[in-house]
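A short worksheet on the structure shown next.
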There are 2 protein chains.
Amino acid sequence: MGKKVFYPKNFQLVRMEEQCHVFWIIEKGIARYIYQEGERELTGWFDMEGDIVGSVYCLLGIGGARENIQLLEDSELIEIQLTDLRQDEAFFQNFKMKVLAHYFIEMENRLKFFQALDGKGRYLYILENKPQLLQRVPLHLIATFLGLTPESLSRIRSSIS
Amino acid sequence: MGKKVFYPKNFQLVRMEEQCHVFWIIEKGIARYIYQEGERELTGWFDMEGDIVGSVYCLLGIGGARENIQLLEDSELIEIQLTDLRQDEAFFQNFKMKVLAHYFIEMENRLKFFQALDGKGRYLYILENKPQLLQRVPLHLIATFLGLTPESLSRIRSSIS
DNA sequence: TTGCCTTCTTACCAAATGATAAGGCATGAT
DNA sequence: ATCATGCCTTATCATTTGGTAAGAAGGCAA
């Protein structure tokens, strides 16, 4: 189920507002969820090896994607067509539930992350729990995830070490 | 399906870490989702008339509640036992999916809300989109939702009018 | 090589927010 | 009535963050 594909750095997996019928599992690489908020580009999250990537809105069948999803590295992915999953309706329902539950839990944690922590606290959390991100993702993109300007992130980093 | 119940102000619908097998629909009143973050109490959200209230973790059957849920007013609720819903497994699965999808969308919006807006922006958003909240919920509790101190919220309010 | 671009940092100042303290003003209990 | 309590505001000062500008370091192409 699903076939291995190779896409280059900067390849766009999902385009905002468009329907999409594909999900991916990352074998190697990083994907970035990009939300357009007025002028600014926010990063919703970075997915890495072992993570499932795709637009939940498309999975739920409630409209086009809310985000752009792009690769930050040359990547190896398992590409899964949703129409294949639908062959077995019970399996598909179960898959949807699992994916949705996973995203829900992630979202809930991230929400507390923003509500409870200031910039320094958020950076330290990533430093302790997702240090690979800081190795592989440019800091100005990390900043768009943390809700900080690159300058503020730089200041926070220098205040620590 | 479900029976009407009346609970007083400050009644606790859901207790953190405990299993729960009940959901509610609010006919009249307000419920507050409370997350304990170290010393602080955060407000996840306020549910009002027409909203479904309950712990998603319990609904998913993946453990006890992550939050306390309390009523801020004397309230009328429709109380729904999950065991009743389970009588019809297909219906229950559909119910779970609907509730989960609803919460997911709410979470995603709230996440952008925190990532993209500063305190003033967040207050203005509530002022325009959920003005009833500001009428019915004490401002210091609104502040715990907005991720601000009551003093900062007060300052923001006075800077507007 | 040179020049351009991206990434990251630093410096400076303005604005936003937190922390602490204090006071006003209701409401409810005794 | 008196008192306590909760809610809200205001004031002051320290800290954090944003905005702007500038520059250093490295990669990449011509």
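Every value quoted in this text rests on a predicted model; they were computed, and no experiment measured them. Every chain is numbered from 1 and lettered A, B, ... according to where its sequence line falls, protein lines coming before strand lines.
Within a 6.0 Å sphere centred on OH of B/Tyr125, other residues, nucleotides and ligands contribute 12 heavy atoms or fewer.
Counting non-hydrogen atoms under 4.0 angstrom, B/Thr149 reaches the backbone sugars and phosphates but no base. Using a 4.0 Å heavy-atom distance criterion, B/Gly147 is classed as a sugar-phosphate-only contact.
Here the closest heavy-atom approach between residue A/Gln115 and residue B/Arg40 is recorded as O-NH2, 3.8 Å. Minimum heavy-atom separation, B/Arg110 to B/Gly44: NH1-O, 3.0 Å.
Summary of the strand contacts: B/Pro150 and B/Arg155 both lie near DNA chain D, and taking for each the nucleotide with the nearest heavy atom, the more 5' one is attributed to B/Pro150. Where A/Ile156 and B/Glu151 each meet DNA chain D at their nearest nucleotide, the meeting point lying more 5' is that of B/Glu151.
Rounded to an integer number of Å, the gap from NZ of A/Lys9 to C1' of D/dC28 is 12 Å. Computed from coordinates, the A/Asp118 CG to D/dG18 C1' distance equals 15 Å when rounded to whole Å. Put simply, CG on B/Leu134 is 11 Å from P on D/dC8, counting in whole angstrom units. As a whole-Å value, the separation of B/Ile142 CD1 from D/dT9 C1' is 17 Å. The distance from atom CG of B/Leu139 to atom P of D/dT10 is 12 Å, rounded to the nearest whole Å. In this structure, A/Leu117 places its CG atom 14 Å from C1' of D/dT16, rounding to the nearest Å. Across the protein-nucleic acid pair, A/Leu153 atom CG and D/dT16 atom P stand 15 Å apart, rounded to whole Å.
Note on A/Leu141: it clusters hydrophobically with A/Leu139, by side-chain heavy-atom contacts below 4.5 Å among ILVMFWY residues.
The outermost nucleotides of DNA chain C lying under 4.0 Å from heavy atoms of chain A, listed 5' to 3', are C/dT7 to C/dC12.
Here B/Ser154 reaches the OP1 or OP2 of D/dT9: one of its side-chain N or O atoms lies under 4.0 Å away. Close to D/dG6, at under 4.0 Å from its OP1 or OP2, lies no side-chain N or O of B/His140.
Salt-bridge annotation for B/Arg136 and B/Glu73: present, with a side-chain N of the basic residue lying under 4.0 Å from a carboxylate O of the acidic one.
Out of D/dT9, D/dG18, D/dT10, the shortest distance to the side chain of A/Ser152 is found at D/dG18.
A perpendicular orientation is assigned to the rings of B/Tyr103 and B/Tyr33, their planes being inclined by more than 60° (bins at 30° and 60°).
The cationic atom of B/Arg32 (NZ for Lys, CZ for Arg) does not lie both less than 6.0 Å from the six-membered ring centre of B/Trp45 and within 45° of the ring axis.
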